[in-house]
Number of protein chains: 2
Amino acid sequence: MRTLYAELSRAGIRATASRIAVLKLFRDHPVEHFSADQIYRRLTHDEEPLSLASVYRILSQLLGAGLITCASLGDSRVVYELNRGEPHYHLVCNHCGAIHNVTDTTLNLAYQSIAAQHQFVYASASVVVFGACPDCQAARNQKARSG
Amino acid sequence: MRTLYAELSRAGIRATASRIAVLKLFRDHPVEHFSADQIYRRLTHDEEPLSLASVYRILSQLLGAGLITCASLGDSRVVYELNRGEPHYHLVCNHCGAIHNVTDTTLNLAYQSIAAQHQFVYASASVVVFGACPDCQAARNQKARSG
DNA sequence: CTTCTTGCAAAGGATTTGCAGCGTC
DNA sequence: GACGCTGCAAATCCTTTGCAAGAAG
């Protein structure tokens with residue numbers, strides 16, 4: 001875990017046990033999405049004694065340092081994930097809430113063009129696609145057959 | 001305002017003064033976006049005595065009836081607007097928060113294709129493009145010149 | 001008249017903050 | 001040793017809800 005320590009220092013964030021634990025969680029699950037509360041419960045359950053308030057403070061610092069990113073998925077659902085440097089979209093299941101990452105750079109030009117058409121200077125885009133995931137489709141079909 | 005009355009009845013919503021006032025606000029500003037609080041302040045300031053709780057209840061009913069739509073713009077900013085039947089995206093200024101509607105149906109196919117690639121059944125997509133609006137660009141340039 | 005709406009005030013969940021004490025540099 | 005970090009509890013913000021009184025059909 002020297003890496004995490006160094007990474008935090010490099011980012012100008014004082015390396016503490018709590019911060020290393022949070023960053024480690026993200027590094028151990030590079031493509032997963034966590035809410036603040038999930039992080040809190042997971043770390044306290046595992047080993048790390050830390051408060052929810054600290055989780056929020058730490059997330060805000062990691063965000064500021066660009067080590068993680070966050071996404072609002074509607075319904076006041078905010079999730080954080082490791083910043084792997086590739087912009088992506090989120091595909092969210094309307095039924096179970098599962099979140100998939102979609103890496104697709106082909107549309108970025110479209111967003112910049114949309115911004116340009118309105119004389120905006122493009123900064124970023126947040127894209128969330130909602131639908132029914134394979135598992136929930138299967139479950140629905142099951143129900144339809146039995147019901 | 002007979003129209004509003006009829007429209008509510010047709011939607012199965014009992015026509016009350018508060019509900020007509022809220023729907024009228026949307027009809028009078030067909031391309032504007034309002035937060036629940038903005039609606040509340042606007043109507044109470046104007047004439048209509050209604051509570052914030054009622055605004056939320058009314059918005060939820062108009063949403064259910066499909067008369068309006070809502071959008072989450074990140075930062076827990078939720079806005080409502082008249083449902084004009086054309087799906088669109090939002091272009092948001094990072095500095096002043098201004099919201100523009102962008103009508104572009106060319107991307108919908110792309111989102112459906114993205115969903116299909118992950119075996120999802122497409123339902124909807126939420127697209128928010130962030131940037132700097134013309135006014136804020138001008139303001140920044142002003143500052144840069146003078147500062 | 002019956003049923004649905006409203007206002008109020010209180011509850012709710014998510015996030016933030018002030019402050020005293022402890023860890024990191 | 002100074003400064004920044006943490007936990008705790010309280011404060012916020014936005015939204016929802018229970019209940020008694022008031023309007024709509």
Side-chain angles (χ1 to χ4, degrees), chain A residues 1-2 4-25 33-45 47-65 67-68 70-80 97, chain B residues 1-2 4-25 33-45 47-65 67-68 70-80 97:
Chain A
M1 305 306 111
R2 285 296 93 181
L4 300 172
Y5 186 101
E7 195 158 353
L8 287 169
S9 306
R10 207 178 313 128
I13 298 176
R14 194 177 279 196
T16 68
S18 309
R19 290 171 178 174
I20 290 173
V22 172
L23 186 52
K24 179 173 181 345
L25 177 61
H33 306 77
F34 301 102
S35 70
D37 191 61
Q38 283 174 326
I39 294 169
Y40 169 68
R41 277 203 291 244
R42 209 145 161 165
L43 293 184
T44 49
H45 175 277
E47 81 242 51
E48 203 60 37
L50 88 174
S51 70
L52 184 54
S54 292
V55 171
Y56 279 107
R57 281 185 286 227
I58 292 172
L59 288 173
S60 141
Q61 286 158 336
L62 297 183
L63 267 179
L67 295 174
I68 62 174
C70 81
S72 299
L73 306 183
D75 278 345
S76 69
R77 227 185 132 196
V78 178
V79 294
Y80 300 83
Chain B
M1 306 304 111
R2 285 296 93 181
L4 299 173
Y5 187 102
E7 194 158 354
L8 286 170
S9 305
R10 208 179 312 129
I13 298 176
R14 191 178 282 196
T16 66
S18 309
R19 289 170 178 173
I20 291 173
V22 172
L23 185 52
K24 180 174 180 344
L25 177 60
H33 305 77
F34 301 102
S35 69
D37 191 62
Q38 283 174 326
I39 294 169
Y40 168 66
R41 277 203 291 243
R42 211 145 160 162
L43 293 184
T44 49
H45 174 276
E47 81 243 49
E48 202 59 36
L50 87 175
S51 70
L52 184 53
S54 293
V55 171
Y56 278 108
R57 282 185 285 227
I58 292 171
L59 287 173
S60 141
Q61 286 159 335
L62 297 183
L63 267 179
L67 295 175
I68 61 173
C70 81
S72 300
L73 306 182
D75 277 345
S76 69
R77 225 184 134 196
V78 177
V79 294
Y80 301 82

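Order of the sequence lines fixes the chain letters, A, B, ..., with proteins taken first and strands second; residue numbering starts at 1 for each chain.
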I need the [atom1]-[atom2] distance between [X] and [N], as an integer number of Å.
X	N	atom1	atom2	result
B:Ile39	D:dT15	CD1	C1'	14 Å
B:Asp75	C:dA14	CG	P	17 Å
B:Leu63	D:dT15	CG	C1'	14 Å
B:Tyr56	C:dC8	OH	P	16 Å
B:Ile20	C:dT5	CD1	P	13 Å
A:Leu59	D:dT6	CG	C1'	15 Å
A:Arg77	D:dC14	CZ	P	22 Å
A:Leu52	D:dC8	CG	P	11 Å

Could you pull out the protein-nucleic contacts involving nucleotides 18-20 of chain D (nitrogen or oxygen on both sides, under 3.5 Å)?
residue : atom : partner : partner atom : Å
D:dG18  : O6   : B:Arg57 : NH1          : 3.4

Taking only residues two or more places apart in sequence or in another chain, which ones pass side chain to side chain donor-acceptor pair (under 3.5 Å) with A:Arg41?
A:Asp37
Got a sec, which residues hit side chain to side chain donor-acceptor pair (under 3.5 Å) with A:Gln61, two or more places apart in sequence or on another chain?
A:Arg19
What's the spacing between B:Tyr5 OH and B:Thr16 OG1 if we round to 0.5 Å?
10.0 Å
OG/B:Ser35 to CD1/B:Ile39 distance, rounded to the nearest 0.5 angstrom?
7.0 Å
Quick note, A:Ala36 side chain, CB onward, closest among D:dG7, D:dT6, C:dT15 is C:dT15
A:Arg19 side chain: which of D:dT6, D:dT15, C:dT15 is closest?
D:dT6
Would you kindly compare B:Ser60 and A:Leu50 by the position of their nearest DNA chain D nucleotide and give the one closer to the 5′ end?
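Between the two, 5'-proximity favours A:Leu50.
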So B:Ser18, base contact, sugar-phosphate only, or nothing? Heavy-atom distance under 4.0 Å.
sugar-phosphate
Check every strand shown and say whether A:Ser76 touches a base, only sugar-phosphate, or nothing at a heavy-atom separation below 4.0 Å.
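Contact class for A:Ser76: none.
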Short side-chain to backbone donor-acceptor contact, B:Arg42 and B:Leu25, under 3.5 Å:
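No.
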Identify each donor-acceptor pair in which a side-chain atom of residues 51-59 of chain A lies under 3.5 Å from a protein atom, sequence neighbours left out, and give them as a table.
residue : atom : partner : partner atom : Å
A:Ser51 : OG   : A:Ser54 : N            : 3.2
A:Ser51 : OG   : A:Ser54 : OG           : 3.2

Ring pair (Phe, Tyr, Trp, His ring centres under 6.0 Å) involving A:Phe34 - partner list, sequence neighbours excluded:
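Ring pair (Phe, Tyr, Trp, His ring centres under 6.0 Å) list for A:Phe34, sorted by chain: A:Phe26, A:His29.
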Using side-chain contact (heavy atoms from CB on, under 4.5 Å) as the criterion, list what pairs up with [X], not counting sequence neighbours.
X	answer
A:Thr44	A:Tyr40, A:Leu50
A:Ala17	A:Glu48
B:Ser60	none

Partner set under salt bridge (charged side-chain N to carboxylate O under 4.0 Å, His left out) for B:Arg14, not counting sequence neighbours
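B:Arg14 satisfies salt bridge (charged side-chain N to carboxylate O under 4.0 Å, His left out) with no residue once adjacent residues are dropped.
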Axis-to-axis angle between the two ends of the helix from C:dC1-D:dG25 to C:dC25-D:dG1 (five base pairs per end, rounded to 10 degrees)
30°
Would you name the heavy atoms of B:Ala15 and B:Ile20 that are closest together and state the gap between them?
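Answer, listing the atom of B:Ala15 first, then B:Ile20: CB-CD1, 4.4 Å.
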Using a cutoff of under 3.5 Å, can you pull out all pairs of nitrogen or oxygen atoms linking the protein to nucleotides 21-25 of chain C, with atom names and distances?
residue : atom : partner : partner atom : Å
C:dG23  : N2   : A:Arg14 : NH1          : 2.8
C:dT24  : O2   : A:Arg14 : NH1          : 3.0
C:dC25  : OP1  : A:Tyr5  : OH           : 3.4
C:dC25  : OP1  : A:Ala15 : N            : 3.3
C:dC25  : OP2  : A:Tyr5  : OH           : 2.7

